[in-house]
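Contents: one structure, followed by commentary.
One is the number of the first residue; the rest follow in order along the sequence. Quick note: numbers below take in every heavy atom, side chains included, and nothing from hydrogens, waters or symmetry partners.
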Amino acid sequence: MRIGIFSDVHANLEALTTVLGAYEKDRPDVFVCLGDVVGYGANPNECCDRVRAVTQVTILGNHDAAGAGRMDYSYYYDAARHALDAHRQVIRPENLRWLRSLPYEHRDGRVSFCHGSPVNHDQFEYIFAPEQARECLGMY
């Protein structure tokens with residue numbers, strides 16, 4: 001099975017369109033989005049609509065969680081907070097429901113899909129050091 005994986009769309013419709021276009025020649029059997037469909041860019045609804053239409057699995061990203069009211073984002077830096085505040089004003093109800101329903105992780109056999117570290121899904125931890133990566137790899 002060929003899996004087309006993409007992540008961190010951040011409401012950038014032009015980039016999303018380009019990425020999906022690049023997959024056209026490879027023709028994946030399924031698409032998986034690893035989260036952050038919203039945040040920063042100008043097209044949160046259009047990106048939600050497109051991701052919903054093409055993916056079989058979409059994982060919750062930290063910006064999705066913040067935009068959907070599933071987490072506190074007061075500690076984010078100014079630009080991120082302002083973008084999320086703006087997105088929360090315009091995200092359509094059906095996209096908001098979808099964002100709220102996204103899982104932290106999806107497992108398919110021995111493959112695990114998540115947005116951040118697979119150790120603490122809801123913490124959206126960044127992996128900065130080889131030791132952190134080794135901890136994650138030891139899980140499987």
Side-chain angles (χ1 to χ4, degrees):
M1 174 186 298
R2 295 169 64 102
I3 303 171
I5 300 173
F6 62 96
S7 181
D8 294 87
V9 174
H10 288 291
N12 183 335
L13 185 59
E14 294 81 4
L16 175 60
T17 301
T18 300
V19 167
L20 293 176
Y23 272 121
E24 286 180 6
K25 73 174 184 140
D26 295 324
R27 301 265 187 232
D29 299 305
V30 297
F31 281 104
V32 174
C33 176
L34 298 179
D36 280 355
V37 178
V38 301
Y40 300 119
N43 301 103
N45 283 304
E46 294 85 346
C47 288
C48 285
D49 294 343
R50 188 80 189 272
V51 170
R52 290 173 66 194
V54 301
T55 62
Q56 286 71 34
V57 173
T58 302
I59 301 302
L60 181 74
N62 55 311
H63 286 260
D64 303 323
R70 290 178 61 177
M71 69 178 281
D72 173 31
Y73 59 94
S74 62
Y75 63 92
Y76 281 27
Y77 68 96
D78 286 345
R81 281 196 323 275
H82 292 305
L84 287 164
D85 289 343
H87 284 189
R88 288 186 78 169
Q89 299 298 312
V90 300
I91 294 175
R92 292 191 313 267
E94 66 271 17
N95 287 328
L96 190 59
R97 281 190 298 276
W98 174 70
L99 290 169
R100 287 179 177 156
S101 75
L102 295 176
Y104 288 107
E105 177 188 34
H106 176 80
R107 286 183 179 253
D108 188 355
R110 293 189 48 185
V111 177
S112 173
F113 299 99
C114 63
H115 182 71
S117 165
V119 177
N120 296 310
H121 302 298
D122 61 343
Q123 299 299 307
F124 300 107
E125 297 172 321
Y126 290 93
I127 299 172
F128 291 111
E131 296 77 27
Q132 291 172 292
R134 276 192 284 283
E135 180 183 357
C136 296
L137 293 173
M139 297 173 64
Y140 301 97

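Between Leu102 and Ile59 there is no side-chain heavy-atom pair separated by less than 4.5 Å.
The structure places CG of Leu13 at 9.0 Å from OG1 of Thr18, a figure rounded to the nearest 0.5 Å. Rounding to the nearest 0.5 Å gives a distance of 7.5 Å between OG of Ser101 and CZ of Arg70. Taking CD of Gln56 as the reference point, atom CG of Asp29 lies at 9.0 Å (rounded to 0.5 Å). With rounding to the nearest 0.5 angstrom, the SG atom of Cys114 is 11.0 Å from the CG atom of Leu60. Distance CD1/Ile3 to CZ/Phe31: 11.5 Å, rounded to 0.5 Å.
Under a 3.5 Å cut-off, the side chain of Asp64 and the backbone N or O of Leu99 do not form any donor-acceptor pair. Under a 3.5 Å cut-off, the side chain of Glu105 and the backbone N or O of Phe113 do not form any donor-acceptor pair. Checking side-chain atoms of Asn45 against main-chain N and O of Val90 turns up a donor-acceptor pair under 3.5 Å. At least one donor-acceptor pair closer than 3.5 Å links the side chain of Asp36 to the backbone N or O of His63.
Taking both residues in full, the closest heavy atoms of Ala68 and Arg100 are given as O-NE, 2.8 Å, listed atom of the first, atom of the second, then distance. Closest of all the heavy-atom pairs between Pro44 and Val38 is CB-CG1, 3.9 Å. Minimum heavy-atom separation, His87 to Gly41: NE2-O, 2.7 Å. Contact detail for Gly35 and Ser7: the closest heavy-atom pair is O-OG, 3.7 Å.
Taking the ring axis of Tyr23 as reference, the NZ or CZ atom of Arg2 does not stay both within 45° of it and closer than 6.0 Å to the ring centre.
Taken together through direct or relayed side-chain contacts under 4.5 Å among Ile, Leu, Val, Met, Phe, Trp and Tyr, Leu16 and Val37 form part of one hydrophobic cluster. Note on Val9 and Leu84: same hydrophobic cluster, where clusters join Ile, Leu, Val, Met, Phe, Trp and Tyr whose side-chain heavy atoms are under 4.5 Å apart, directly or indirectly. Under a hydrophobic clustering in which Ile, Leu, Val, Met, Phe, Trp and Tyr are joined whenever their side-chain heavy atoms come within less than 4.5 Å, directly or via other members, Val111 and Val32 fall into the same cluster. Note: the hydrophobic cluster containing Val51 does not contain Tyr40 (ILVMFWY, side chain heavy atoms under 4.5 Å, direct or indirect links).
Salt bridge Asp49/Arg92: present, at least one basic N to carboxylate O contact under 4.0 Å.
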Go through Asp78 and Arg81 one step at a time and tell me if the salt bridge (charged side-chain N to carboxylate O under 4.0 Å, His left out) criterion holds.
CA-CA 5 Å; Asp78 286 345; Arg81 281 196 323 275; 2.4 Å; yes
Report the C-alpha separation of Ile5 and Leu34 in whole Å, then their side-chain angles, then the decisive distance to 0.1 Å, and conclude whether the side-chain contact (heavy atoms from CB on, under 4.5 Å) test is met.
CA-CA 7 Å; Ile5 300 173; Leu34 298 179; 3.5 Å; yes
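Below 30°, between 30° and 60°, or above 60°: for Phe124 and His115 the angle between ring planes is above 60°, a perpendicular geometry.
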